[in-house]
Structure formats: structure tokens, C-alpha cells
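Below you'll find the structure, written out as C-alpha cells, and then a few comments.
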Number of protein chains: 2
Amino acid sequence: MTKNCNFIEKLRGAGLRPTKQRINMCEVLFNREKTFHFTINDLVKMISEKMNQKISLATVYNTVHAFEKKGYLKEISIDSHKSYFDTNTSSHHHFFDEDTNELIDCDESDIDKINIRKNITGKKINSVEVLVRVASDNQNQK
Amino acid sequence: MTKNCNFIEKLRGAGLRPTKQRINMCEVLFNREKTFHFTINDLVKMISEKMNQKISLATVYNTVHAFEKKGYLKEISIDSHKSYFDTNTSSHHHFFDEDTNELIDCDESDIDKINIRKNITGKKINSVEVLVRVASDNQNQK
DNA sequence: CAACAGTTTAGAATTATTATAATGTAGATT
DNA sequence: AATCTACATTATAATAATTCTAAACTGTTG
Ligand SMILES: [Mn+2]
Ligand SMILES: [Mn+2]
Ligand SMILES: [Zn+2]
Ligand SMILES: [Zn+2]
């Protein structure tokens, strides 16, 4: 897909200076075949593993939030203690595996289009997201 | 509905001792016509306003989590910085008004039943929740 | 290359939540 | 009713997550 990526252009296009930290983060986040879900902690680990450069935690937060604002990342909140970011920024739904804490993308065919009958005066719909929580099917009661 | 409520029985039924703090929290949370959504902060304010007793913040957290575990409250997470609790513990969907930060319940007729085609081997579905984010419809672009 | 605005950084500060351990209390036992 | 004990409450400390600060650094423009 995005091979030998020109992340410099991507960053410039968003009005973000292509610093080496941001380019490195782009490599880690976007230079791959498939989109994925991560926590800030995951990302800090991935960056320190994949790069030999040190990076400040504040920069990771800053950059993730900048990317989120520019629409390069989406936040998926599971509960107050579990929040993920998604490099798949298209509108899509999720399964959440409560055993493994894993977020799984749905594709179009997995869930029928949501039909919303209610409308709130003066308000437009910005997004419609379904979260399906799943867990092991062992018939151990509770 | 729950008039002159016997919260003592409700608490005992859950294996929770009916202390005066818990009974007071029950009054604030459940002794009302309609269910509602609140944050921990909202709740602390409501309790200190409605009671003349002081209550420890730790007790509020402990009790909210105990009630959540017993199924008397449900958590609704909007993003990593906004999390609500819901005294409506039935399975239902939500609108979230991004202008006012207000959560609004959907009822059965507002959203068609969600049809899930995907199934994850060995996993059962625990819940299916839709969050519809809405915001002011002023045609101010962005 | 000079100048400047934007960026990074380490560390401090802030906030939200949980842990601690001393004190209090509900409910059982006598 | 007095005593006992496990559970609950409390103030406060500790921890964790995130944001702020202000000094140093760097990409861009001219
Ligand atoms: Mn955010
Ligand atoms: Mn919780
Ligand atoms: Zn996703
Ligand atoms: Zn609700």
C-alpha cells in the first residue's frame, strides 16, 4: 500500500512540520499493510523498539492528539480505564473481546446499516458507532 | 414508582450492608421518576447538596463500583476524558450531544434492532451498544 | 545563513483514581 | 442489651495518566 511513504507530504498537508519524531511515528503507525488499534502505552513501546532514537512521552501525546485532530487517528473508548486509538479512520464498528482486551474491526457486511429513527432538532449526526462486547462462551455460569 | 423505597432490602439483596452512606446514595440515584446519567463529579455534588452528611470521595467511588458490579449502574464511556454512569441498566442505545456533553437515551423505537452477522468462534455476545454523536447543525463549515 | 515560529524535551504540576490503615458500625452472638 | 467481628467509612497518602512549563532545538522562510 503506502510504500516508501512520503510522510513528509502527509504532515505538510496537515500543516504539521515534518520533524523526525513525527516522521518516525508515521512510519510506526501508517507504514503497514493493515490498520490496527493501540493504546498510548502500546505506541510508546512500539516506538522505542522500532527506533533507536529516544522520544519524549509528551511528544507522543502531542503527536497522537495532533493526528487525531487532523483525522489521521480515531479514538475508541471502551470504558474509563481502556481507551484505544485506531489507524482505521473510516466509519466502522467494533467487537471488543473482554477476555483478551482486543478490539476487532467489523467490516460493512458484519453489521447491517444502522437505521436511526430519532432525530434531535437542530442537531446533525456526526457518527454512529456500534460496540459489541464478547467474551468466552464457556458455560461456566458467571 | 419506587416510592418510600426500601433500599435496605435492595442493598441486602446484593449482599451489601445498608449503611447510611449507601442508603443516601440510593436515595439520590434511584428514588426518582426517571433514570439519568451522571459523572462521579456530578454525583459527589448531588450527594453533598442533597444530604447534610459529609461523605468521603473514596466511599462514592467504592459504592458506585459496588453498584456497577451488582448491576445497579452501567458505565457509558464517551472518550478517555468523559465517562458517565447510567441508572438505566437495561440494554439501550445513546445519543451524545457534543455541544452540551449530554447523554440521551434511545428507546426501542429509535433504532432498529442491530443485526450482527459476524460471529467470533467460542465467544458469546455480552452487549451491543450504539453511540450516536450529534452536534449543532449550523452550516458553519467546521 | 539569519531569524523566527513551531517543536521537543525533562521534569514539574495537575487530575483522577486507588490504596492504606485507623476508626466506626451493622448484624450476629451471647 | 452488651459484646464481638467482619465489613465499611474516612482522611490522607500513593499511584497513574495526562498536561503544563520553560528552556533548548529545528524546520522553514527569505
Ligand atoms: Mn483525546
Ligand atoms: Mn469502573
Ligand atoms: Zn477499528
Ligand atoms: Zn442511558
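Below, read A as the first sequence line, B as the second, and so on, with proteins coming before strands; counting in each chain starts at 1.
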Notebook entry, point to check: Which part of the nucleic acid, if any, lies within reach of B/T19 when heavy atoms closer than 4.0 Å are counted: base, sugar-phosphate only, or nothing?
Noted result: sugar-phosphate

Next item on the list: May I have the distance from B/K82 (atom NZ) to D/dT18 (atom C1'), rounded to whole angstrom?
Entry: 15 Å

Notebook entry, point to check: Side-chain N or O of B/Q21 less than 4.0 angstrom from OP1 or OP2 on D/dT10?
Noted result: yes

Check: Separation of B/L11 atom CG from D/dC7 atom P, in whole Å?
Finding: 16 Å

Check: Rounded to the nearest Å, what distance is computed from the CG atom of residue A/N41 to the P atom of nucleotide D/dT18?
Finding: 8 Å

Note to self: Can you tell me how the ring of B/H81 sits relative to the ring of A/H65, calling it parallel under 30°, perpendicular over 60° and tilted otherwise?
What the structure shows: tilted

Note to self: If you compare every side-chain N and O of A/R12 against the phosphate oxygens of D/dG27 (OP1, OP2), does one of them come in below 4.0 Å?
What the structure shows: no

Checklist line | Reported OG1-to-NZ distance for the pair B/T35 and B/K74, which is rounded to 0.5 angstrom | finding: 10.0 Å

Margin query: On the nucleotide C/dT17, are OP1 or OP2 found under 4.0 Å from the side-chain N or O atoms that B/Y61 carries?
Written below: yes

Notebook entry, point to check: Nearest-Å distance, CG (B/L16) to P (C/dT25)?
Noted result: 19 Å

Next item on the list: Please work out whether the ring planes of B/Y72 and B/F30 are parallel, tilted or perpendicular, with thresholds of 30° and 60°.
Entry: perpendicular

Checklist line | Distance below 4.0 Å between A/H81 side-chain N/O and C/dA16 OP1 or OP2 | finding: no

Notebook entry, point to check: Separation of B/L57 atom CG from D/dA8 atom P, in whole Å?
Noted result: 18 Å

Next item on the list: Would you kindly give the CG-to-P distance between B/N62 and C/dG24, to the nearest whole Å?
Entry: 18 Å

Note to self: Using OP1 and OP2 only, check whether a side-chain N or O of B/T59 sits under 4.0 Å from D/dT10.
What the structure shows: yes

Notebook entry, point to check: If you measure from the Lys or Arg side-chain nitrogens to the Asp or Glu carboxylate oxygens, is any gap between B/D79 and B/K82 under 4.0 Å?
Noted result: yes

Notebook entry, point to check: Is it true that B/R117 and A/D112 make a salt bridge, defined as a side-chain N closer than 4.0 Å to a carboxylate O?
Noted result: yes

Next item on the list: Nearest-nucleotide wise, let me know which of B/R17 and B/A58 is further upstream toward the 5' end of DNA chain C.
Entry: B/A58

Item checked: Distance below 4.0 Å between B/R22 side-chain N/O and C/dA26 OP1 or OP2 -> no

Next item on the list: Could you state the atom-to-atom distance from CD of A/Q53 to C1' of D/dC25 in whole Å?
Entry: 13 Å

Next item on the list: Could you state the atom-to-atom distance from CG of B/N24 to C1' of D/dA8 in whole Å?
Entry: 14 Å

